[in-house]
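Convention: sequence-line order gives letters A, B, ...; per-chain numbering from 1. For clarity, every value in this text was computed on a predicted model and none was experimentally measured.
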Amino acid sequence: MVAYQRGDLEAFEQFYVALEPELRGFLRARCHDPQRVDDLLQETFLQLHRSRRGYLPGLPVRPWVYAIAKRVFLMHVRKVRRRESREMTELSMVPEPEVPAGADRLADRSELLSALRQVPPDGRRAFLLHHWRGLSFREIAARLGIAPGAAKLRSSRAGSRLRHLLRGDEGESGD
Amino acid sequence: MTDPRSATRQRVRDIVARDIKPVRPLLPPGRRVLLLVPIAIAAAIYAPFGYGHRNFDHLGWLASWGVSALEWILGLLILALALRHAVPGRGVSRRFLIATLVGAPALIVLVTVVTYAVEPTKVPPGLAFRFWIECVKWPITIAAPILLVASLLAMRAFPTRPGPVGALCGLAAGVLADSGWRLACDVSAPSHVLGSHGLAIVLVAGLGAVASVAIDAIRR
């Protein structure tokens, strides 16, 4: 770590190799999405790099590293919660549509919101961006930082889950 | 297809390679506090010598300089705690943190009571608001340079909990400033001391917390 602070790239490589498996395990225990674990791992190492001056030589490295990894994870959780809360707020602000005749076939709005809340966040986000915001899967993929195929899959799974949740009231409804 | 692990490793390596400048590690918190000692001394002696002081003959050496020295040492200890808490992985326990954030104001209350017991003086009639303004404004002004330097020193460690670190820096700056200001203010009535000197300490602590969180948010 001291060599790394002196600007030795080779020392950083050794630092990475030594800590990557256990940091990956640490993050995987808290976040089950492998893609997200990779993102968080990258962010953790970049944060360690930015704050490398703060490591006090002579002290154990791991408490310093884990404190930063934990902070990166908590900031990520906070960001996700904030985004979800914003999306749910936006959703609750959608105006009541003109109700056509025979509307009793359609799900009640509050039931729809309740069902949407039960859909996993990743899928819900992709589903809403496609069906409510009207974005293409390519645009959704760019926005979420995933492949277009994954965006389509997430949206489709969310639609199936939503249909399943609403089926008790209305049977098969379009997504 | 590229292994995601190797891809992540390569991405991190590329970014780090672009910015692999040598850095000088921070000094241990105990030594960084020493950098602040000159400013802390200046803050403590500015008020009684620069602004004017109360009658030390009435108050006595022990209740004036003695108690102020005790308060000054407490301020430095809180500062050392703040700098230590700023280093990731070296933070103190939540219980200890709360004990400090509650204990320091409790000590200020004790100092106020002792000073009032030795020399009870009240605000002259009709001047309560003017005295209050002076005794909020000046301690904050004196504490500001200490807070600025302490916050910069603390934030260099990239604290994982910037809010409590900033609050501790502010509390330390407020206590250090008050150690001198209590010798400048003629009034020892607890209602005045706690309502203005105490309020100034609380405001500086709050300012420290807000400033640290803001610096952290801007830096990220």
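- Taking A:His49, A:Glu13, A:Gln35, A:Arg6 one by one and counting their heavy-atom pairs under 4.5 Å with chain B, the maximum is reached by A:His49.
- The contact list for residues 80-100 of chain B toward chain A, using heavy atoms and a distance under 4.5 Å, reads B:Val87, B:Pro88, B:Gly89, B:Arg90 by residue number.
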Exercise for the section: Assess whether side chain to side chain contact (heavy atoms under 4.5 Å, CB included) is satisfied between B:Leu26 and A:Tyr55, documenting all intermediate values. Expected result: CA-CA 7 Å; B:Leu26 295 181; A:Tyr55 166 72; over 6 Å; no
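- Proximity to chain B is limited to the side chain of A:Leu59, based on heavy atoms less than 4.5 angstrom apart.
- Taking the side chain as every heavy atom from C-beta outward, A:Phe12 and B:Val12 approach each other to under 4.5 Å.
- Comparing A:Gly54, A:Gly58, A:Pro63, A:Ser51 by heavy-atom pairs within less than 4.5 Å of chain B, the highest count is held by A:Ser51.
- Here salt bridge (charged side-chain N to carboxylate O under 4.0 Å, His left out) pairs that include residues 20-32 of chain A, with residues two or more places apart or in two chains, are A:Glu20-A:Arg24, A:Glu22-A:Arg62, A:Arg24-A:Asp38.
- In this structure, the portion of A:Tyr16 lying under 4.5 Å from any heavy atom of chain B is its side chain and not its backbone.
- Residue A:Arg53 touches chain B through both its backbone and its side chain, counting heavy-atom pairs closer than 4.5 Å.
- In this structure, chain A has a heavy atom under 4.5 Å from the side chain of B:Arg11, while its backbone stays farther away.
- Heavy atoms of A:Val17 lying under 4.5 Å from chain B belong exclusively to its side chain.
- Only the side chain of B:Ile15 comes within contact range of chain A, with heavy atoms under 4.5 Å apart.
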